[in-house]
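See structure below.
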Amino acid sequence: MHNIDIDLIEMTLDVMKYAINRITHTDPVLGKPKKEEELKKIVGDTVTPKGVGGEYAFKLFRDELVKNTVPIDHPRNLAFVPAAPTRAAIMFDLVTSASSIHGAYWMEGAGAIFCENEAMRWLVSLTEMPEGAFGVFTSGGTAANLSALVTARETWRDKSPEHIGQRGLIITSIGAHSSIKSMAKVIDVDVVLVETEDVLFKAALEQKIASLSTKDRDRLFAVIGTGGTTNAGIIDDLSGIADVCEKEDLWFHIDAAYGGGALAADSVRHLFKGIERADSVTIDPHKWLFSPYDCGAVIYKQPDLAKKAHTQEGSYLEIFKDEGARGFNPSDYQIQLTRRVRGLPLWFSLAMHGTDRYKQAVERGIELAQIAGKLITEHPNLELVRAPSLSCVLYRRKGWDPEDYKEWTYKNHSAGFALVTPTKWRNGEAYETVSRFCFINPDTTEEDIKAILKTME
Ligand SMILES: *Cc1c(COP(=O)(O)O)cnc(C)c1O
């Protein structure tokens, strides 16, 4: 293992050259997928007893396969929730891999976990949660939500022996992200939905709780509010929900996977009032805090509760808990054991640029949504579905049906021009197909937006 041959050095240089190119290139090609059979025909067998050689495999990736991917930081990729990792963070993602660091326990990962914790302190400070609140980086919002829900459920079970064996229940709204329902399945609890895709208000939550049977009220243990819905950027009435949760003794989780980055933006920070009263908060740095995939985060008001719920026991793990190895063990606070130090790229980028640059970059996303809103309003064939919220814009092309939106999406994507996908907006009982922008990349320009809108004429 210790002798490195010359071919390997050349190979490494080739790969690094590609990476440098990709990091510094400002106008990436918007790739699109071929069918699996077509790719197989081009690429052939690559995993073989003797291997096909690094040079050839890399050529296949660089010249063929990568063209079948969408670089999510493309300035005209405004679909789903895009991303725009800083060059500093991408560079440090390479360093994170090259350093072979195990991020589960302080004993092995101390220096790197220290950096993660510095970045985490900044995230926690954005929430203004009380002294003692702290968190860990996860693989994403789904894993963060799961870790928080497990902590909530275990805390509820610990409150009374009656809850042991009782199936839990949580309340959220239909604006909540799909991962909430999905993770409720994983932990086998029921979900009651407040029927609104708009702001979840205190009164609607109170009404829903009052409508529960005594049996259901007994098994209700948490409410999940959203700090920036994925579809429309809507922030729930977090203060109102906090009031209800305090009064009813319920765990309050806030899913701010997408919107959490906007805590850094002074122009919208007031919309998050109440987040400081949450028991747990999810924020995805890989969405609006310019980290490479994958990097989520979960923050707890009382990290000890998470530790109680998540610490893994095993004779082979005892040494990590020993006095001599004492320190912060990220694996004790979420569902994953072996883990990449996924907060490290964020730390480096924050250290390099300073938090003010993050503020400005997030504000730019919000500003781009306002610019798009104005252009849409002025356009004769276009109409806003609702005012832009955070960096999301929902709008309709007058006279279009769902097929038109789909065709338009495919046309722009196959042309390598833009990726903008349709969504649905719930209006009363009906769902309408509409178009949606989500801005993350501060390098997207007003010209980009105009050019996209022009393809809708
Ligand atoms: C994206 C998103 C998630 C899921 O996060 P992943 O990182 O994709 O697992 C959860 N909640 C909200 C509000 C989101 O926008």
Side-chain angles (χ1 to χ4, degrees), residues 70 72-73 77-85 89 93 123 127 135-150 152 170 172-187 191 193-194 196-200 222-238 241 252-263 268 271-272 275 278 280-299 334-336 339-340 342-343 345-346 362 365-366 369 389-394 421 423-424 436-440:
V70 172
I72 35 83
D73 55 353
N77 170 32
L78 307 177
F80 316 111
V81 178
D93 206 42
L123 275 190
T127 67
V136 281
F137 292 98
T138 63
S139 64
T142 303
N145 285 336
L146 176 58
S147 300
L149 287 176
V150 168
I170 60 176
T172 189
S173 82
I174 61 168
H177 187 262
S178 52
S179 62
I180 298 293
K181 277 171 260 177
S182 198
M183 293 308 103
K185 252 189 239 168
V186 171
I187 65 167
V191 184
L193 294 173
V194 177
T196 178
E197 203 183 335
D198 222 304
V199 178
L200 171 58
V223 177
I224 290 95
T226 308
T229 61
T230 318
N231 202 28
I234 294 163
I235 299 163
D236 286 338
D237 170 18
L238 303 179
I241 302 174
F252 181 22
H253 176 65
I254 297 177
D255 182 2
Y258 151 63
L263 289 166
V268 293
L271 300 173
F272 290 89
I275 197 170
S280 52
V281 175
T282 290
I283 299 175
D284 265 359
H286 69 205
K287 279 184 174 159
W288 213 355
L289 287 171
F290 315 105
S291 282
Y293 295 138
D294 33 26
C295 182
V298 58
I299 300 169
Q334 41 80 49
I335 57 165
Q336 192 176 7
R339 67 184 279 284
R340 179 180 181 78
R342 52 187 80 256
L346 174 66
V362 173
I366 295 165
S389 191
L390 296 182
S391 68
C392 289
V393 186
L394 298 184
T421 48
T423 187
K424 290 196 174 87
R436 172 178 172 279
F437 290 145
C438 180
F439 296 98
I440 297 286

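Both counts, for ligands and for their atoms, begin at 1 and track the order of listing. The first residue of the sequence shown is numbered 1, and numbering continues consecutively from there.
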Is there a side-chain contact between [X] and [Y], using heavy atoms and a 4.5 Å cut-off?
{"X": "Ser182", "Y": "Thr142", "result": "no"}
{"X": "Glu197", "Y": "Thr229", "result": "no"}
{"X": "Asp236", "Y": "Ile241", "result": "yes"}
{"X": "Ile283", "Y": "Thr127", "result": "yes"}
{"X": "Ile224", "Y": "Ile254", "result": "no"}

Protein contact to atom 9 (O) of ligand 1 [nearest heavy atom, distance to 0.1 Å]: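 In this structure, atom 9 (O) of ligand 1 has Thr142 OG1, 2.6 Å as its nearest protein heavy atom.
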
For atom 4 (C) of ligand 1, the protein heavy atom that lies nearest, with its residue and separation: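 The protein heavy atom lying closest is His177 CE1, 3.4 Å.
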
Member of Phe439, Phe437, Tyr258 meeting the side chain to side chain contact (heavy atoms under 4.5 Å, CB included) criterion with Cys392: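 Exactly one candidate clears the test, Tyr258.
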
Given Asp284, Thr230, Thr282, the one that forms side chain to side chain contact (heavy atoms under 4.5 Å, CB included) with Asp255: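 Exactly one pass, corresponding to Thr282.
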
Which atoms of ligand 1 sit under 4.0 Å from any heavy atom of [X]?
{"X": "Asp255", "result": "10 (C), 11 (N), 12 (C), 13 (C)"}
{"X": "Ser179", "result": "10 (C)"}
{"X": "Gly140", "result": "7 (O), 9 (O)"}
{"X": "Tyr258", "result": "15 (O)"}
{"X": "Ala257", "result": "2 (C), 3 (C), 10 (C), 11 (N), 12 (C), 14 (C)"}
{"X": "Thr230", "result": "12 (C), 13 (C), 14 (C), 15 (O)"}
{"X": "Lys287", "result": "1 (C), 2 (C), 3 (C), 4 (C), 5 (O), 14 (C), 15 (O)"}
{"X": "His286", "result": "7 (O)"}

Close N or O approach (Gly141, ligand 1; < 3.5 Å):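 Yes, since at least one N or O of Gly141 sits under 3.5 Å from an N or O of ligand 1.
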
Ser139 N/O under 3.5 Å from ligand 1 N/O: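 No, there is no polar N/O contact under 3.5 Å.
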
Out of curiosity, is [X] lining ligand 1, as in a heavy atom under 4.0 Å away?
{"X": "Gly296", "answer": "no"}
{"X": "Thr282", "answer": "no"}
{"X": "Val81", "answer": "no"}

Parallel, tilted or perpendicular: ring planes of His286 versus Tyr293, cut at 30 and 60 degrees: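 His286 vs Tyr293 ring planes: perpendicular.
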
Rounded distance [0.5 Å steps], CD1 in Ile299 versus CZ in Phe137: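 Ile299 CD1 to Phe137 CZ: 8.5 Å, rounded to 0.5 Å.
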
Ligand 1 contact on Asp284 by region, counting heavy-atom pairs under 4.0 Å: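 Under 4.0 Å from ligand 1, Asp284 contributes side-chain atoms alone.
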
Lys287 and Asp294 ion-paired at < 4.0 Å: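 A salt bridge is absent here (no side-chain N lies under 4.0 Å from a carboxylate O).
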
